[in-house]
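Here the structure comes first, spelled out in structure tokens, and everything after it is commentary.
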There are 2 protein chains.
Amino acid sequence: MREYYTITELTREFGISTRTLRFYEDEGLINPVRRGRTRLYRPSDRHLVRQILRGRRLGFSISEIREIIQVYKAPPGEVGQLHLMIQKIEEKRQHLRQKRRDLEDTLQELDQAEEACVERLAELGVKT
Amino acid sequence: MREYYTITELTREFGISTRTLRFYEDEGLINPVRRGRTRLYRPSDRHLVRQILRGRRLGFSISEIREIIQVYKAPPGEVGQLHLMIQKIEEKRQHLRQKRRDLEDTLQELDQAEEACVERLAELGVKT
DNA sequence: CGATGAATTGACTTTTACGTAAATCAGGTG
DNA sequence: CACCTGATTTACGTAAAAGTCAATTCATCG
Ligand SMILES: [Zn+2]
Ligand SMILES: [Zn+2]
Ligand SMILES: [Zn+2]
Ligand SMILES: [Zn+2]
């Protein structure tokens with residue numbers, strides 16, 4: 001496991017721009033350390049980036065992603081906070097389950113559409 | 001099955017604005033019929049709206065949704081077109097499968113985060 | 001017929017998530 | 001040192017997806 005990644009290494013690995021990484025930092029999603037003025041990304045920062053991009057692909061907004069990231073962080077020390085966090089986690093799970101339903105439904109519609117195509121081809125006497 | 005829905009019925013059912021429905025129409029996603037100037041939405045239009053909103057929740061852009069919707073339509077009559085459509089459907093499926101991976105990964109991270117919270121509570125001697 | 005309330009249209013505004021350009025700085029190389 | 005390459009900062013720009021507002025038109029009910 002590398003100790004540090006430069007900003008360009010991450011842009012290449014994830015196919016995003018430096019602007020994007022700095023934007024996420026500005027939004028408080030990541031906090032790379034600095035050597036002088038240049039940013040050094042730790043493996044944990046890299047992992048966060050991966051999680052952010054996953055969230056983005058799933059259609060979450062930056063602030064929703066921020067909420068999810070809060071949850072990933074070390075659990076708080078206080079009992080009340082812990083219960084609250086567990087509650088929040090459950091809420092996020094609900095959102096994701098809704099997305100999963102949407103996803104399965106869409107996949108099913110695609111299956112139907114494909115079947116219609118295949119049938120149509122069969123009617124035209126074409127071997128699939 | 002109702003024959004027609006008014007625009008406000010659909011806005012209430014789906015929790016969206018009339019502006020949104022007209023926007024989707026302007027983008028060529030739906031095509032309600034008209035009685036005079038007022039729009040009448042058929043069950044098939046309503047179904048399309050449902051599919052559009054699903055796509056949106058999954059983070060697809062309007063043009064991606066437009067592509068998906070093309071696929072739902074009646075299959076074309078020509079063999080080449082049919083093969084092309086089947087190919088497109090497969091491509092969409094790939095996108096959705098990526099999203100499903102993202103989704104499962106995120107759910108797993110949430111599980112881990114919750115477990116950490118529960119453990120922490122146990123350490124503090126709290127009954128869950 | 002006139003009032004009232006829904007529907008339409010068009011113009012303008014807003015928010016999000018970055019892109020892009022310009023100026024500055026830092027470190028290594030010949 | 002001069003130069004080059006990369007990174008940073010700041011500021012402004014922009015495209016997508018609506019929201020908002022105002023002016024009109026229609027329908028219909030009393
Ligand atoms: Zn929520
Ligand atoms: Zn369907
Ligand atoms: Zn594609
Ligand atoms: Zn992880």
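Labels below follow one simple rule: chain letters A, B, ... track the order of the sequence lines, proteins then strands, and each chain is numbered from 1. Small disclaimer: the values here were computed from a predicted structure and weren't measured.
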*Separation of Arg39(B) atom CZ from dA6(C) atom P, in whole Å?*
17 Å
_Whichever hydrophobic residues join Leu40(A) through chains of side-chain contacts under 4.5 Å_ = Tyr4(A), Val33(A)
*With Phe23(B), which residues qualify under side chain to side chain contact (heavy atoms under 4.5 Å, CB included), at least two apart?*
Arg19(B), Glu27(B), Ile62(B)
*Okay, side chain of Lys99(B), backbone of Leu58(B): is any donor-acceptor separation there less than 3.5 Å?*
yes
_Test of understanding: with side chain to side chain contact (heavy atoms under 4.5 Å, CB included), list the residues that count as partners of Asp45(B), not counting sequence neighbours._
Pro32(B), Tyr41(B), Arg42(B)
*asked:* Please report the distance, rounded to the nearest Å, between CD1 in Ile52(A) and P in dA17(C).
replied: 12 Å
*Please name all residues satisfying side chain to side chain contact (heavy atoms under 4.5 Å, CB included) with Arg97(A), sequence neighbours left out, ordered by chain then number.*
Glu90(A), Arg93(A), Gln94(A), Arg100(A), Arg101(A)
*Taking CG from Asp26(A) and P from dT9(D), how many angstroms apart are they, rounded to a whole number?*
10 Å
*asked:* How many whole angstroms separate atom CG of Leu21(A) from atom P of dT9(D)?
replied: 13 Å
*asked:* What does the B/S/- profile of nucleotides 13-29 of chain D look like, 5' to 3', with a 4.0 Å heavy-atom cutoff to protein?
replied: ----SBBB----S----
*To the nearest Å, how far apart are Leu40(B) CG and dA6(C) C1'?*
13 Å
*Across the strands shown, which category fits Thr8(B) at heavy-atom distances under 4.0 angstrom: base, sugar-phosphate, nothing?*
sugar-phosphate
*asked:* From CZ of Arg22(A) over to C1' of dT9(D), roughly how many Å is that when rounded to an integer?
replied: 8 Å
*asked:* Once side chain to side chain contact (heavy atoms under 4.5 Å, CB included) is applied, do any residues pair with Arg37(A), and if so which ones, sequence neighbours excluded?
replied: none
